[in-house]
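Structure record follows, encoded as structure tokens.
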2 protein chains.
Amino acid sequence: MSMTHTQSRFNSTLTSQCQNCSLSALCLPIALADEDINRLDQIIERKKPLKKGEFLFRQGEAFDSVYAVRSGTLKTFNITSVGEEQITGFYCPSELVGLSGIDSNVYPVSAKALETTTVCEIPFSHLEELSSQIPSLKHQLFKVMSRKISDDQQMMVLLGKKNADEKVASFLLNLSNRFKKRGYSASSFRLSMSRGEIGNYLGLAVETVSRVITRFQKNELIHVDGKEIEIVDFHEMQKLVGVASDCGKIARI
Amino acid sequence: MSMTHTQSRFNSTLTSQCQNCSLSALCLPIALADEDINRLDQIIERKKPLKKGEFLFRQGEAFDSVYAVRSGTLKTFNITSVGEEQITGFYCPSELVGLSGIDSNVYPVSAKALETTTVCEIPFSHLEELSSQIPSLKHQLFKVMSRKISDDQQMMVLLGKKNADEKVASFLLNLSNRFKKRGYSASSFRLSMSRGEIGNYLGLAVETVSRVITRFQKNELIHVDGKEIEIVDFHEMQKLVGVASDCGKIARI
DNA sequence: GCTATTTGCTGACCCAGATCAAGAGTTACA
DNA sequence: TGTAACTCTTGATCTGGGTCAGCAAATAGC
């Protein structure tokens, strides 16, 4: 905002600070006092950008950090016993990746960039230590993990009970919400993942994803141009997902 | 173990302590020093048993506690917009229920007893406070939540990618492991949930669950008598689930 | 620029598992 | 102790979405 020239000169991508990060209102610094943000800032390492297809970490590697996405998108996935990829999540800016490694001290999934992506590395031992000193940081961490648990459970419901239309509609509305939260358009956005990756994530064949998207377009629920998506009829999409009538609960994946 | 008469007189179900709890080695007290267990013990309330079908908490209620199961089994579930139940998890002794409420301060699921069940109530604000003072408790909490995240992600893989045989086999082996960890037989146990609940959880129709179980029995993988299950051929069951790294997909027996 | 490879779309066909139906046990409670 | 209400099983049938195949369009590599 009101940086001196000296500060701004130092704030290259790699040295930028949480205070100046447009994501701080969504990321871990939420609800932290200025001095606390500073302390958090000091344990964070800004990494150089990952190019599309590069790994952030690999399944089985020793866990030592969680990562906040700054720009771009990541996917996490397992390799099944049959050798095929199973995507377990997509991560957008401000979201935390790697939390599932805390328990076993090993990343149980791999994380790979879907496009050019920058992340902040947060060494977990430092974060844990700092969280003892800053209760609101600890609380924030518990909240982030709790949120991940309830989101994943919603995803389980989706995978277990919903049909192809509902799955794809949920997926698109979920992305829409995530874009909106970060101040981008909720109705127009670009998919950074391929149809194949969407299908893999949703438990559908590529062809099904393709057919459903085409049909949504034909029925004027959405407008599609390659990876560009515009949600035209939010109301109908939400009905498809089965949003509860009364309360304004938004479909979460 | 070596309690005085006075102590034992006070240690009814409702007043028993973490120190004397056979589950302490699996539950939160793991890796806590004796004096720390005492402090944890003081914030925990033992509740009177829930009868089968009673709620521990309901979706939408204010979140204030997590619960450790002491005996019996719970299920957690959502009610979908269509009004049907969607089970998101089963909870056995030593497991923690309610963690998904931390984020929103509201339980996003309901929890109901599948049989007579006793729990320890752990008011979360106290737990959080105590965790600031006892680093190993905080670490344990992070681990439990992280574990839940990776377990749920495994469940997502199961729901999205596996067929009926693989789902049922995974489910049975998963239960088996949980019994084993608590010192019970890994091969013989009693299902506290109905076929319908298993199907609901696994994204299968009741009829399919029933048929798969019958077929497993016919092929001498398991022996079934109502809710009593005996796993006869662990090796074949594990092959079915896909633990084997090398060999390809197992043909249906 | 030109080929090679990946990504997306669509049609034809098939099958795993859902749904429907019906009977036999089991459990609950009045 | 009887009966209503679940729960489980099994068979018959149907169908959503998977698989296979072929082609078009977009990207990457040379």
Side-chain angles (χ1 to χ4, degrees), chain A residues 51-54 75 82 84-87 112 114-116 158-172 190-219 222-229 240, chain B residues 51-54 75 82 84-87 112-116 158-171 190-218 222-229 240 249-253:
Chain A
K51 286 200 291 280
K52 177 174 175 170
E54 283 182 344
K75 66 174 172 185
V82 207
E84 64 195 10
E85 180 173 315
Q86 166 61 45
I87 297 175
K112 198 182 221 182
L114 293 181
E115 56 191 321
T116 303
L158 180 142
L159 288 169
K161 285 274 175 305
K162 298 194 174 181
N163 64 26
D165 284 17
E166 294 167 336
K167 285 180 179 181
V168 175
S170 296
F171 178 74
L172 293 176
R190 183 168 195 288
L191 300 174
S192 44
M193 63 294 289
S194 71
R195 302 290 194 268
E197 286 166 329
I198 296 174
N200 182 305
Y201 180 60
L202 296 177
L204 295 172
V206 204
E207 295 92 329
T208 305
V209 174
S210 185
R211 277 186 257 264
V212 171
I213 289 183
T214 304
R215 183 152 34 78
F216 280 0
Q217 157 133 278
K218 212 171 294 171
N219 296 338
I222 61 178
H223 181 261
V224 192
D225 178 19
K227 295 197 180 288
E228 294 295 332
I229 297 282
L240 210 48
Chain B
K51 287 199 289 280
K52 176 174 177 170
E54 284 182 343
K75 66 174 172 186
V82 206
E84 63 194 11
E85 180 172 314
Q86 166 60 47
I87 297 174
K112 199 182 221 182
L114 293 180
E115 56 191 321
T116 302
L158 179 142
L159 288 170
K161 285 274 175 306
K162 299 194 174 180
N163 65 24
D165 284 17
E166 293 167 336
K167 285 179 179 182
V168 174
S170 296
F171 178 74
R190 186 168 193 288
L191 299 174
S192 44
M193 64 292 290
S194 71
R195 304 288 194 269
E197 286 166 330
I198 296 173
N200 182 304
Y201 180 60
L202 296 178
L204 295 172
V206 203
E207 294 92 328
T208 305
V209 175
S210 184
R211 277 186 255 266
V212 170
I213 288 183
T214 304
R215 183 152 34 80
F216 279 180
Q217 157 133 276
K218 211 171 296 170
I222 61 179
H223 183 261
V224 193
D225 177 18
K227 294 197 180 288
E228 294 295 331
I229 296 282
L240 209 48
K249 201 156 183 170
I250 304 306
R252 274 178 136 225
I253 305 179

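All chains are named by letter (A, B, ...) in the order of the sequence lines, taking the proteins before the strands, and each is independently numbered beginning at 1. In what follows, every heavy atom counts, from backbone to side chain, and hydrogens, waters and symmetry copies are set aside.
- Atom pair B:N163:CG and C:dA18:P shows a separation of 11 Å (rounding to whole Å applied).
- Backbone-only engagement by A:T214 is indicated by non-hydrogen atom pairs under 4.0 Å involving sugar-phosphate atoms exclusively.
- For B:T208, the side-chain contact (heavy atoms from CB on, under 4.5 Å) partners are B:A164, B:L204, B:A205, B:V212, not counting sequence neighbours.
- Look at A:K227 and you'll find a side-chain N or O under 4.0 angstrom from OP1 or OP2 of C:dG8.
- Counting any heavy atom pair closer than 4.0 Å across all strands shown, A:A164 reaches sugar-phosphate atoms only and no base atom.
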Please tabulate, one pair per line, each protein N/O and nucleotide N/O from nucleotides 24-30 of chain C that are separated by under 3.5 Å, including the distance.
none

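- Residue pairs meeting the salt bridge (charged side-chain N to carboxylate O under 4.0 Å, His left out) criterion with at least one member in residues 191-207 of chain B, sequence neighbours excluded: B:K75-B:E197.
- In terms of heavy-atom proximity, A:R215 sits nearest to A:D165 at NH1-OD2, 2.8 Å.
- Mapping heavy-atom proximity under 4.0 Å, the span of DNA chain D touched by chain B runs 5' to 3' from D:dC8 to D:dA12.
- To the nearest 0.5 Å, atom CG of residue B:L114 and atom CD1 of residue B:I87 are 7.5 Å apart.
- For the pair A:K161 NZ and C:dG17 P, the computed distance is 15 Å after rounding to whole Å.
- Remark: B:A169 engages B:F216, B:M237, B:L240, B:V241 in a side-chain contact (heavy atoms from CB on, under 4.5 Å) (not counting sequence neighbours).
- Note on A:G203: only backbone sugar-phosphate atoms sit closer than 4.0 angstrom, heavy atoms only; bases stay farther off.
- Residue B:K167 is classed as having no contact, given no heavy-atom separation below 4.0 Å to the nucleic acid.
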Distances under 3.5 Å only, N/O to N/O: pair up the protein atoms with those of nucleotides 20-23 of chain C.
residue	atom	partner	partner atom	Å
C:dC20	N4	B:E207	OE2	3.1

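- Put simply, CD1 on B:I198 and CG on B:L191 are 5.0 Å apart, with the number rounded to the nearest 0.5 Å.
- At a threshold of 4.0 angstrom between heavy atoms, the contacts of A:L204 are confined to the sugar-phosphate backbone, with no base atom among them.
- The structure places CG of A:L158 at 6.5 Å from CG of A:L202, a figure rounded to the nearest 0.5 Å.
- Remark: A:K161 engages B:E84, B:Q86, B:N200 in a side-chain contact (heavy atoms from CB on, under 4.5 Å) (not counting sequence neighbours).
- Heavy atoms of other residues, nucleotides or ligands lying less than 6.0 angstrom from NZ of A:K227 number more than 12.
- Remark: P of C:dG8 and CZ of A:R215 are 18 Å apart, rounded to the nearest angstrom.
- Between B:E54 and B:K112, every side-chain heavy-atom pair lies at or beyond the 4.5 Å cut-off.
- The interatomic distance linking A:Q217 (CD) with C:dG8 (C1') rounds to 13 Å, in whole Å.
- Scored by the salt bridge (charged side-chain N to carboxylate O under 4.0 Å, His left out) test, B:E228 finds B:R190 as partners (sequence neighbours excluded).
- Counting non-hydrogen atoms under 4.0 angstrom, A:G196 reaches the backbone sugars and phosphates but no base.
- B:S194 comes within contact range of the sugar-phosphate backbone alone, with a heavy-atom separation under 4.0 Å but no base atom that close.
- Expressed to the nearest 0.5 Å, how far CD1 of A:I213 lies from CZ of A:F171 amounts to 8.5 Å.
- The overall bend of the helix from C:dG1-D:dC30 to C:dA30-D:dT1, read as the angle between its terminal helix axes built from five base pairs each, is 60° when rounded to 10 degrees.
- Residues forming a side-chain hydrogen bond (donor to acceptor under 3.5 Å, both in side chains) with B:S192 (at least two apart in sequence, or on another chain): B:T73.
- Using a 4.0 Å cut-off, some side-chain N or O of B:T208 falls inside it from OP1 or OP2 of C:dA18.
- Note: A:Q217 CD to A:I222 CD1 = 6.5 Å, rounded to the nearest 0.5 Å.
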